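We count ligands from 1, going down the list as the structure has it; atoms in each ligand are counted the same way. Just so we're clear, the structure is a prediction, and the values are computed from it rather than from any experiment.
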Amino acid sequence: MTAINQNYLELQGSYLFSEIAKRRTKFIQENPNAEIISLGIGDVTRGLPQSVLKAMHSAVDELAEPGTFRGYGPEQGYDFLIKAIIENDYKSRGVDIAVNEVFVSDGSKCDVGNIQEIFSTDSIIAVQDPVYPVYVDTNVMAGRSGKYNQDTKRYENIVYLECTAENNFKPSLPDRKVDLIYLCYPNNPTGMTLTKDELKVWVDYARENNCLILFDSAYEAFIQEDDVPHSIYEIEGAREVAIEFRSFSKTAGFTGIRCAYTVVPRDLKGFDVEGNAVIINDLWNRRHTTKFNGVSYVTQRGAEAIYSEEGKQEIASLVEYYMTNAAIIRDGLASIGLEVFGGVNAPYIWLKTPKGMDSWSFFDKLLNEANIVGTPGVGFGQSGQGYFRLTAFGSRENTEKAVDRIRKLSL
Ligand code: PLP
């Protein structure tokens, strides 16, 4: 008999996207001529930047020749990419990161999901609510969550940090001892951010309370405002308490190519059962080199090209394109009296559903009456009930059309 990992049975069905697909399919069957616009899932729609394409093409050519062929590369990533990351994403902001503190990977989803492996299964985790579901589910799989409560729709051992309009989507500090705190800024799904001073409160808290912040910064490239930190390491002392995750997915259209990186400062320490300090970077290095065999050479050359002069300009115009969509959605919805959040430093618009509708009723209304698919906020957690997420990743034409259709609804 093969015993399974019992923790997997505590996982709740991935209700959100399967339910969205089910309702969408039913609607299409009943309305075959409807032109549906999807502003639901967070995938990008623009092509890859030319600089990236050129770099990838020439990397492929290099692989054809025995003299320039590359096989297995360093699991942590090639030096050329790591140096470009350090120079452009950190040094330029006055942050010192060493080469052995950066780990290139095939996506932030894997990294934010896998990182928990190197911590005790007794660790108490805190997550924002609403939340990117990967943080929760990977801890459920590892056995940290406790039982799921069908009434509260929450796991009994997870500490939920509520983010609603009442606190301007800025969570309060945990009201009990936690070990690992997942923070996502700019936030998915709310599209909101913290200022430097607000993030400092979390760094100070982590230092005073011996906990670690897992800082997911997948949407960093979309930050527009000056007082929003691009890296948690801009905050003094963060090197002692934070791991940072960054992704090229949304920045450069890498959702299909796959490339991201994680920064694990050497200053970070955990403790073994005897109370001896252990360098967390060594553990992550061991985990990464054991279970991962590196991102392809071609992909890493593509990612490096993002940091060239041509690449930077192309990225800036991609970001501008999506953030213009965000402004069109924000302004359009606000003009008909909807309460909208986010969309200023992030490609997500989080809106309060009108007249106290629940998230799924609003989903149905939008689908049936405007033929638009969005994402019900409650799918990201209980604090998302009564909210709804639209993304700015569509084409300009579809974004404008969608806003026009919403304007014509009676809400
Ligand atoms: N983190 C957040 C908050 C996300 O929204 C996403 C993707 O939607 C990811 C991480 C995953 O990014 P990647 O494509 O690098 O796996």
Side-chain angles (χ1 to χ4, degrees), residues 14 16-17 20 38-46 48 52 77 81 85 89 102-116 125 127-139 161 163 169 171 180-194 213-223 228 230-232 242-263 288 292 294-296 299-300 302-303 306 315 318-319 322 326 342-343 345-350 374-375 377 379-381 384 389-394:
S14 65
L16 179 62
F17 289 103
I20 290 175
S38 178
L39 298 181
I41 60 163
D43 201 355
V44 293
T45 51
R46 310 296 290 163
L48 284 175
V52 170
L81 178 55
I85 289 169
D89 288 346
V102 179
F103 296 84
V104 175
S105 78
D106 59 354
S108 280
K109 183 177 189 175
C110 319
D111 291 347
V112 297
N114 291 327
I115 196 78
Q116 47 76 30
I125 70 149
V127 295
Q128 291 169 273
D129 180 8
V131 68
Y132 178 57
V134 176
Y135 316 146
V136 173
D137 284 358
T138 50
N139 279 288
L161 309 169
C163 298
F169 304 94
L180 301 170
I181 303 171
Y182 289 81
L183 290 181
C184 175
Y185 286 108
N187 189 263
N188 176 16
T190 66
M192 298 295 271
T193 47
L194 295 184
I213 298 174
L214 301 168
F215 192 73
D216 185 345
S217 196
Y219 299 94
E220 173 276 334
F222 297 90
I223 295 171
V228 178
H230 287 252
S231 164
I232 194 166
I243 292 176
E244 180 162 284
F245 305 89
R246 293 263 190 110
S247 170
F248 298 108
S249 282
K250 311 296 161 81
T251 319
F254 270 49
T255 48
I257 302 269
R258 312 301 304 143
C259 196
Y261 67 87
T262 292
V263 177
H288 199 68
F292 186 64
V295 175
S296 82
T299 299
Q300 292 191 61
I306 295 167
I315 296 305
L318 269 179
V319 167
Y322 291 130
N345 295 296
Y348 293 115
I349 288 88
W350 189 244
T375 313
F380 298 99
R389 192 191 76 175
L390 293 173
T391 87
F393 288 129

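Here the protein heavy atom with the shortest distance to atom 14 (O) of ligand 1 is Ser249 OG, 2.6 Å. Closest protein heavy atom to atom 7 (C) of ligand 1: Lys250 NZ, 3.3 Å. Remark: minimum distance from atom 16 (O) of ligand 1 to any protein heavy atom is reached at Arg258 NH2, 2.7 Å. In terms of protein heavy-atom proximity, atom 2 (C) of ligand 1 is closest to Asp216 OD2, 3.4 Å.
Remark: ligand 1 and Asn188 share an N or O pair separated by less than 3.5 Å (distance only, no angle test). Between Tyr132 and ligand 1, not a single N/O pair is under 3.5 Å apart.
Ligand-side atoms of ligand 1 in range of Cys184: 3 (C), range being under 4.0 angstrom from any heavy atom. Ligand 1 places these atoms under 4.0 Å from at least one heavy atom of Gly107: 15 (O), 16 (O).
Looking at Thr262, Thr138, Asp216 one by one, the single match for side chain to side chain contact (heavy atoms under 4.5 Å, CB included) with Val112 turns out to be Asp216.
Contact annotation: Phe245 has no heavy atom less than 4.0 Å from any atom of ligand 1.
A distance-only check finds no donor-acceptor pair linking the side chain of Tyr185 to the backbone of Val228 [under 3.5 Å]. The main-chain N or O of Val295 is found under 3.5 Å from a side-chain atom of Gln300 such that the two form a donor-acceptor pair.
Of the N and O atoms on the side chains of Glu220 and Ser231, not one donor lies less than 3.5 Å from an acceptor on the other residue.
In this structure, Phe222 and Phe393 have perpendicular ring planes: the angle between them is above 60°, well past the 30° mark. Taking the six-membered ring for Trp and thresholds of 30 and 60 degrees, Phe254 and Phe248 have ring planes inclined between 30 and 60 degrees apart.
The part of Tyr219 lying near ligand 1 is the side chain, judged by heavy-atom distances below 4.0 Å.
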_Working note: Tyr132 + Phe380, criterion ring-ring contact (aromatic ring centres under 6.0 Å, His included); need CA distance, chi angles, decisive distance, verdict._
CA-CA 7 Å; Tyr132 178 57; Phe380 298 99; 8.6 Å; no
